[in-house]
Amino acid sequence: QLQLVESGGGLVQPGGSLRLSCGASGSTLDYYAMGWFRQAPGKEREGVSCISESGGATHYADSVKGRFTVSRDNAKNTVYLQMNSLKPEDTAIYYCAAGRWYCSPAGRYETWGQGTQVTVSS
């Protein structure tokens, strides 16, 4: 059974960078489309980015476009989210999720990680 674990979160100053990783175990990620989501306190969960099974297609929320980059290394069974030019409003718990359809709504993703906290503050 597929399990996902996020890592790489932490405290960073505005303008800084972080790279989140989403490692998989129990199954290969080759056949899964992947998504990154985030949820800030008191706010609804927000889709951040998604990537197709091969990595050939990606999509970003307008709020992160040009600053975040999603990628995957299927040989390492890992998906990444490179976050640059971070802003205080990027502060949230970030989750990765695996599903069968590219960029599907959150409810259609089958497996979720436990999340990793990202805090952007001076």
Side-chain angles (χ1 to χ4, degrees):
Q1 184 175 357
L2 179 66
Q3 293 183 317
L4 303 174
V5 178
E6 302 93 338
S7 61
L11 173 64
V12 63
Q13 292 187 343
S17 298
L18 284 174
R19 188 176 81 155
L20 305 184
S21 298
C22 173
S25 61
S27 179
T28 177
L29 284 182
D30 290 18
Y31 307 111
Y32 288 93
M34 300 296 294
W36 283 98
F37 296 82
R38 67 186 181 186
Q39 188 164 21
K43 294 188 176 181
E44 293 187 355
R45 181 173 52 191
E46 172 190 19
V48 175
S49 181
C50 45
I51 185 167
S52 62
E53 292 88 330
S54 68
T58 58
H59 178 78
Y60 300 92
D62 287 343
S63 58
V64 306
K65 200 170 293 183
R67 300 188 297 123
F68 290 12
T69 303
V70 62
S71 62
R72 64 192 296 161
D73 185 341
N74 286 346
K76 295 183 177 180
N77 235 18
T78 302
V79 178
Y80 304 97
L81 185 68
Q82 178 67 43
M83 307 186 296
N84 298 328
S85 302
L86 283 161
K87 305 175 182 180
E89 51 263 44
D90 294 319
T91 296
I93 299 175
Y94 283 71
Y95 301 89
C96 64
R100 299 293 181 177
W101 296 274
Y102 170 61
C103 274
S104 59
R108 300 197 74 179
Y109 282 88
E110 301 173 3
T111 304
W112 292 76
Q114 84 290 347
T116 185
Q117 176 71 48
V118 171
T119 303
V120 184
S121 175
S122 55

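What you see below is based on every heavy atom in this structure, not just the backbone, and it leaves out hydrogens, waters and symmetry mates.
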Between A92 and A40, what is the shortest heavy-atom contact and its length? CB-N, 3.8 Å
As a quick check of understanding, evaluate side-chain contact (heavy atoms from CB on, under 4.5 Å) for V64 and S49, giving each step before the final call. CA-CA 8 Å; V64 306; S49 181; 5.5 Å; no
T91 side-chain N/O to V120 backbone N/O, donor-acceptor pair under 3.5 Å: yes
Do we see a donor-acceptor contact under 3.5 Å between the side chains of S63 and E46? yes
Are M34 and Y109 connected, step by step, through hydrophobic side chains (Ile, Leu, Val, Met, Phe, Trp, Tyr) whose heavy atoms are closer than 4.5 Å? no
Evaluate the side-chain proximity of V12 to S17: yes if any heavy-atom separation is below 4.5 Å, no if none is. no
Would Q3 and V5 satisfy side-chain contact (heavy atoms from CB on, under 4.5 Å), going step by step from the backbone distance to the final call? CA-CA 7 Å; Q3 293 183 317; V5 178; 5.7 Å; no
Counting N and O atoms only, with roles assigned by atom type, does the side chain of N77 sit under 3.5 Å from a partner on the main chain of S27, one being a donor and the other an acceptor? yes
CE on M83 to OG1 on T69, rounded to 0.5 Å: 11.0 Å
Can you check side-chain contact (heavy atoms from CB on, under 4.5 Å) on V70 and C50, steps first, answer last? CA-CA 7 Å; V70 62; C50 45; over 6 Å; no
More than 12 foreign heavy atoms under 6.0 Å from CD of E44: is that the case here? no
How are the rings of W112 and F37 set relative to one another: parallel (under 30°), tilted (30 to 60°) or perpendicular (over 60°)? tilted
Would you say Y102 and V79 are hydrophobically clustered, going by side-chain heavy atoms of ILVMFWY under 4.5 Å? no
So, for F68 and W36, is the gap between ring centers shorter than 6.0 Å? no
Any side-chain heavy atom of Q114 sitting closer than 4.5 Å to one from E6? yes
Side chains of Y80 and R72: any donor to acceptor distance under 3.5 Å? no
Path from L20 to Y60 over hydrophobic side-chain contacts below 4.5 Å: yes
Calculate, to the nearest 0.5 Å, the distance between atoms CD and OG1 belonging to E53 and T28 respectively. 11.5 Å
Looking at K65, I'd like to know if its NZ atom is crowded, meaning that more than 12 non-hydrogen atoms belonging to other residues, nucleotides or ligands lie closer than 6.0 Å. yes
Closer than 4.0 angstrom, basic N to acidic O: yes or no for D90 and K87? no
If I take atom CG from residue D30 and atom CG from residue N74, how far apart are they, to the nearest 0.5 angstrom? 4.5 Å
How close do R45 and A106 get, counting heavy atoms only, and between which atoms? NH2-CB, 3.7 Å
For residues A98 and L2, report the shortest heavy-atom separation together with the two atoms involved. CB-CD2, 3.6 Å
Reported CD1-to-OG1 distance for the pair I93 and T116, which is rounded to 0.5 angstrom: 9.0 Å
Which heavy atom of A24 sits nearest a heavy atom of L29, and at what distance? CB-CG, 3.5 Å
Between L4 and T111, what is the shortest heavy-atom contact and its length? CD1-O, 3.5 Å
Would R38 count as a cation-pi partner of Y95, with NZ or CZ less than 6.0 Å from the six-membered ring centre and within 45° of the ring normal? no
